[in-house]
Amino acid sequence: MRKLALNDEILLTIDKPARYIGGEKNSVMKDKTDIAVRFVMCFPDLYEIGMSHLGIQILYGMFNSYEDTWCERVYSPGMDLDRIMREKKIPLFALESQDPVKDFDFLGITLQYEMCYTNILQILDLSGIPFSAKDRTWDDPVVIGGGPCSYNPEPIAEFFDLFYIGEGETQYRNLLDLYKEDRAKGVSREEFLHHAALIPGIYVPCMYEVSYKNDGTVASFEPIYEDIPKTVKKQIVKDLSESFYPTRPVLPFIKATQDRLVLEIMRGCIRGCRFCQAGQLYRPIRERSLETLKQYAKELIANTGHEEICLSSLSSSDYTELEELLLFLIDECEAKKINISLPSLRIDQFSLDVMNKVQDVKKSSLTFAPEAGSQRLRNVINKGLTEEDILSGAKLAFEGGWNKVKLYFMLGLPTETEEDIKGIGLLCNEICKTYFETVPKEKRNGQKIQVTASTSFFIPKPFTAFQWAQMYTESDFREKAYQTRLGIMETLNQRSIKYNWHDTDVSVLEGVFARGDRKISGVIRYAYESGCIFDAWNETFRYDLWLKAFEDNGISIDFYTTRKREDDEIFPWDFIDIGVSKSFLLREWHNALMEKVSPNCRMQCQGCGAASYGVGLYCP
Amino acid sequence: MKLRVRFSKFGPIKYIGHLDTMRFVQKAIKSAGIPVKYTEGFSPHQVLSFAFPLGVGMEAESEYFDIEVVSMEGVEAFKDSLNREMCDGLTVLNLYELPEKAKGAMASVSAASYKISFHDERTAAILSEAVKKFKESDEVKSFKETKTGIRERNLKDAVYDIDENEGILTFTCDASSGGNLKPSALLEGLFSPFGIELKPWEYTLTRTEVYKTEDEKIVPLSAGLKAVNHD
Ligand code: SF4
């Protein structure tokens, strides 16, 4: 039987010991004496969060399909165990073998959101791995980052030996082979890193030097050796139907945050919303074939016995064979007694029929994401959803018996005015009006219309048209939320409208990290050392400590958030080539300021540059 | 058609609590292709009930749950199918056919037996003396805090059988819904006279059997039922 790294006393006193024992169904055990490369994959947050993530399951399954590699998992220990591990000097361990993380060849950390940065330091700290890549030796694993935040890796570049830019299915084999070869030859760590930097998509921070202008912006970003490429090109899967898919996902014993099977139907998005980073990062659009997806769905269900399945993509309504896929799933799931958790779909007769079949109409709600309150601002952000779309969709749904509507908006979008904010309340009011007009009193059965409007604060992200945009300050944000509330309260149907908004402080920090540079890493380290950890969690987030960390390090928050960026500014992430060109993004930024809409990929190619991959569904 | 399933639980998964174990078993039943019956409605559930929740940290040699199936076809192979879908440490031992009018697993439980080994030598050394003292006393009082105040109980009434052998304590006690005795309460009664207070991690606790009462005798929950699996 497996021996656990933690003893009974610890396991019986901490919260959710199941997080730390491994042994889940479909987790992979191998004989370590037969293994050439030991990889530990980390999601730097609690187990329940990390186990909900498809990307890790893909890489975990793929690595373990290699005979010479054993991939294991590690997550952030909760604060209770964190304290015990420090006190008793217990090194952080991987779940499968329960061996110390420090003994592994690779530590892969997935970077899903900026607010996990201090948790990366927690992982390194508890593992006994030096924070700074330059202080590491062959006694330490090679620390590699990947995932959405690695598209601007600079704020955390110091902590990583490598970053993997792009979809993991493509270059990892080459990296592992290089590692085996170099270790067999006995090369130095630095030489290995140099070699790794030559693999497409691999970014090795220490192989590049940044210089800054007097105003603090980037002056130059250059490789330190001649053979190192100046730009790092995002790697993507060419044929999704042929790529590895984890049809035997690890099944957590305790409920994961997203406790369901995931069927990833496509990557990329045709829409081109100007605030959306994912929409650009994963271009061009690629679909998995219907036949492949049917097969995966069957295997997933058989291999897990799970009671729920969902579809994953950026915009499921755009999947070309969505109807067939959903009809198949409805049949299959009905027979196997499995719930389908629907993605948010464009509201039309078909999607309402589907919703009617798989969920309880009385309990479910309609979801719209207009993102902005007025048509003018929706044109600025290129969100092709009109008020008419929303109202006619809502009308159809009200006729079908629905009476709950959820709306998502962003505050602080570029060019936003008071009118745009008022528009949020007005739109909500119109929806209520539509309800009262559509459903006569005698048919309401005592039900009421319930509209919930939620706002989040807009954060400009790299590789979007809004990467040039100025972000608002915290007090601006608070004022905007207040105005939104007032706007809603002034409407006739305000009693049927509920309003939620997100915290402002986290948004400010996210804004700094999103467009940060190498100067930030000192602040992150300082903040961690002064007690910041689990920043994504309200109960542990310490804004005061963060502000102090910026102040003590002499780093201005405004430089990263509210500062105006010129069209020709060199951004810290410009060395990454995601396929979408900077000139396209700039054009889109100007279009935004002119309130000019751009058609989506399916209507008319905008020449974004991603056609260079030669695999986009709509690319010329 | 109802089946009673007997299973054991050992090793690290003793840290998986009752509800999570149950959720896991439901998945195993589903992926094993057992024709289990589901409730109607938007989120159908398996018709399944566990006899006796196992606390976190407890291992078990012989636990039970009942399921309802819509077909008995191929029932002999259910055990193997289930075991293929189980995780390390969870093993199906037997399946029994449950007569239609039989009492459900949970309602049947009247007693349970346990085995405890102790990690520190001091406790192990005192064990035989403690058991002897317990057996000789007419009354061993136990106090339990409840919502309505402190409840006093004579442990001698709740413990049906107690023994000790080479440092291992075994006993059978009341496990009925109204009178369930927690092993920790017995340990307190045994050792507090010696000034020893045991923490849950200072011993290994295994539930060895779960019983029902038939004709005033306690017998395992599987007694009198027909095993339907091969071997
Ligand atoms: S090249 Fe054209 S079709 Fe392809 S992703 Fe870019 S805009 Fe869309």
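These numbers come from the heavy atoms of this one structure, side chains and all, not from hydrogens, waters or symmetry mates. The chains referred to below are lettered A, B, ... by the order of the sequence lines, with proteins before strands, and numbering in each begins at 1. Computed from a predicted model, the values in this text were never measured in an experiment.
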Turns out that what part of B/Tyr38 lies under 4.5 Å from chain A's heavy atoms comes down to side chain
Specify the closest pair of heavy atoms between B/Ser31 and A/Ala302, including all atoms of both residues, with the distance to one decimal.
CB-O, 3.0 Å
Shortest non-hydrogen contact from B/Arg23 to A/Lys255?
NH2-N, 3.2 Å
Are B/Lys14 and A/Asp8 within salt-bridge range, i.e. N to O under 4.0 Å?
yes
B/Lys115: what forms a salt bridge (Lys or Arg N to Asp or Glu O under 4.0 Å) with it, not counting sequence neighbours?
B/Glu61
Identify the two heavy atoms, one from A/Pro17 and one from B/Val56, that lie closest to each other, and give their separation to 0.1 Å.
CG-CG1, 4.4 Å
Side chain, backbone, both or neither: which part of B/His45 has a non-hydrogen atom closer than 4.5 Å to chain A?
neither
So which part of B/Glu85 gets closer than 4.5 Å to some heavy atom of chain A, the side chain, the backbone, both or neither?
both
Between A/Thr304, A/Asn26, A/Val358, A/Ile10, which residue shows the highest count of heavy-atom pairs closer than 4.5 Å to chain B?
A/Thr304
As an exercise, state the distance from CG of B/Leu19 to CZ of A/Phe253, rounded to the nearest 0.5 Å.
14.5 Å
Taking A/Glu307, A/Lys357, A/His306, A/Glu24 one by one, which has the highest count of heavy-atom pairs under 4.5 Å against chain B?
A/His306
Considering non-hydrogen atoms only, spot the tightest contact between B/Asp20 and A/Ile254 and give its length.
OD2-CG2, 3.1 Å
Please tabulate, for the side chains in residues 331-342 of chain A, all donor-acceptor contacts under 3.5 angstrom to protein atoms that are two or more places apart in sequence or on a different chain.
| residue | atom | partner | partner atom | Å |
| --- | --- | --- | --- | --- |
| A/Glu332 | OE2 | A/Lys336 | NZ | 2.9 |

For B/Lys2, does the NZ atom have more than 12 heavy-atom neighbours from other residues, nucleotides or ligands under 6.0 Å away?
yes
Closest approach of B/Gly57 to A/Leu12 (non-hydrogen atoms, all atoms of both residues)
CA-CD2, 4.0 Å
Derivation and outcome, side-chain contact (heavy atoms from CB on, under 4.5 Å), residues A/Asn7 and B/Trp201:
CA-CA 9 Å; A/Asn7 63 27; B/Trp201 50 86; over 6 Å; no
Please say whether more than 12 non-hydrogen atoms of neighbouring residues, nucleotides or ligands are located less than 6.0 Å from NZ in A/Lys294.
yes
Ignoring hydrogens, what is the shortest heavy-atom contact between A/Leu251 and B/Lys27? Give both atom names and the distance.
CD1-CD, 3.9 Å
Can you confirm whether more than 12 heavy atoms, excluding those of A/Lys406, are under 6.0 Å from its NZ atom?
no
Please determine whether the number of non-hydrogen atoms from other residues, nucleotides or ligands lying under 6.0 Å from atom CG of B/Asp88 exceeds 12.
no
